[in-house]
Number of protein chains: 2
Amino acid sequence: MHDLSPARSAEGGTFMSQGHIDVPAQVEAIRVGEAEGSSIDKACSVLEVLNRISGKWAIGVLLLTTQRPMRFTHLEREIKGVSRRMLTLTLRNLERDGLLVRTVYPTVPPRTEYEATPMARELYETLLVLTGWADRHRHEIDSARRVYDEQSTSRATSTGSP
Amino acid sequence: MHDLSPARSAEGGTFMSQGHIDVPAQVEAIRVGEAEGSSIDKACSVLEVLNRISGKWAIGVLLLTTQRPMRFTHLEREIKGVSRRMLTLTLRNLERDGLLVRTVYPTVPPRTEYEATPMARELYETLLVLTGWADRHRHEIDSARRVYDEQSTSRATSTGSP
DNA sequence: CGGCATCCTCAAAGATACTG
DNA sequence: CAGTATCTTTGAGGATGCCG
């Protein structure tokens, strides 16, 4: 069974060469009732996907590198707000998962390019589906939130009549 | 513009009625180059989706509640490993976003049921797409990781000849 | 230019205990 | 049964500095 729970350092801990580059744990487990079954197995798969594309900067990187090869600095500037560390981390993770290809040109100064692999490009398509969903329901969710917050606030302010 | 960066507490901070029930910040921003544009805008949408379905337990809840109405305790047992607190938090967030409907039956003992809304069920379909991707590339990613880790380890062990 | 290494912060997740 | 309130842990993420 896909018990991801105790797998915090996952894979076995081989990956600690580059120093402390801490590969995120993120969504680590779900392990929903193996008795009820059915779509639960799917959850694991979904989680694995999320583990990959989650982490704040991954999607930005994937989106950009899917369009064209990108240099480190270019990514750093495009993805406003990302730190060198986090960009590197994200890049390494994606590369490790085979979603990115890193090409180093041994020139001076050095030049490194990142490009999404076909596999990642497939994910891109999938992301568009998600995007569609988000766009369609953006307002619905937004109003749902407002309603919920409204009720919560009023309930906290006046629980009846003062 | 969708500048989510400084929006840590988002929404304005209205939602702090139930005590400290801290609505997660999660993936907070991406704000990729507004100059380059094109698919970058999409990134925001995708992020919003991720913000919703991320958080370890959300997907499990969605998957289960999409299949049938579920009681709190049932969810708690099905989603092994989740704490009461986290389950409540997840439930509240999903409810707030209009992805879940909470129905309380004023019986003794109390009975509460959660069920996915149509909107959430659409997301379920999308999740299946993601699942498909994950399943198709599971092995590919796995071997990619092994290769990467292998290279890293050997590079760390013997960088040439001692 | 393209990164590691280090230190630090703060929010998300966990454990535990109490209540309507 | 179905939560809420607190305290603590942990680890993702940020800032900075150095180096090939």
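Throughout, protein chains are lettered first and strands after them, A, B, ... in sequence-line order, and every chain is numbered starting at 1.
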Measure the distance from [atom1] on [X] to [atom2] on [N] and round it to the nearest whole Å.
X: A/Arg92; N: D/dA12; atom1: CZ; atom2: P; value: 18 Å
X: B/Tyr105; N: D/dG3; atom1: OH; atom2: P; value: 13 Å
X: A/Leu91; N: C/dC1; atom1: CG; atom2: P; value: 16 Å
X: B/Glu113; N: D/dG3; atom1: CD; atom2: P; value: 12 Å
X: B/Glu76; N: D/dA2; atom1: CD; atom2: P; value: 9 Å
X: B/Asn93; N: D/dG3; atom1: CG; atom2: P; value: 14 Å
X: B/Arg71; N: D/dA2; atom1: CZ; atom2: P; value: 4 Å
X: B/Trp57; N: C/dA13; atom1: CH2; atom2: P; value: 9 Å

Using heavy-atom distances to pick each residue's nearest nucleotide on DNA chain D, tell me which of A/Pro110 and A/Val82 is more 5'.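 The residue mapped nearer the 5' terminus is A/Val82.
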Please say which of A/Arg68, A/Arg121, A/Arg102 ends up in a salt bridge (Lys or Arg N to Asp or Glu O under 4.0 Å) with A/Glu115.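 Only match with A/Glu115 under salt bridge (Lys or Arg N to Asp or Glu O under 4.0 Å): A/Arg121.
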Taking the minimum atom-to-atom distance to the side chain of [X], which one of [options] wins?
X: B/Arg85; options: C/dC1, C/dA15, D/dT4; value: C/dA15
X: A/Lys56; options: D/dG13, D/dA2, D/dG3; value: D/dG13
X: A/Met86; options: D/dG13, D/dG3, D/dC1; value: D/dG13
X: B/Arg84; options: D/dC1, D/dA2, D/dG13; value: D/dA2
X: B/Phe72; options: D/dA2, D/dG14, C/dG3; value: D/dA2

Hey, is the side chain of A/Thr112 poking within less than 4.0 Å of OP1 or OP2 on C/dG3, counting only N and O atoms?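 Result: yes.
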Looking at D/dA2, I'd like to know if its phosphate oxygens (OP1 or OP2) sit under 4.0 Å from a side-chain N or O belonging to B/Thr88.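 No, because none of the side-chain N or O atoms of B/Thr88 sits under 4.0 Å from OP1 or OP2 of D/dA2.
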So what does B/Tyr114 touch, heavy atoms closer than 4.0 Å: a base, only the sugar-phosphate, or nothing?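 Sugar-phosphate contact only.
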Measure the OG1-CG distance between A/Thr90 and A/Leu99 for me, rounded to the nearest 0.5 Å.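 So the OG1 of A/Thr90 and the CG of A/Leu99 are separated by 12.0 Å.
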Kindly say whether [Y] contributes a backbone atom to a donor-acceptor pair with the side chain of [X] at under 3.5 angstrom?
X: A/Thr117; Y: A/Gly98; answer: yes
X: B/Thr65; Y: B/Tyr114; answer: no
X: B/Trp133; Y: A/Met119; answer: yes

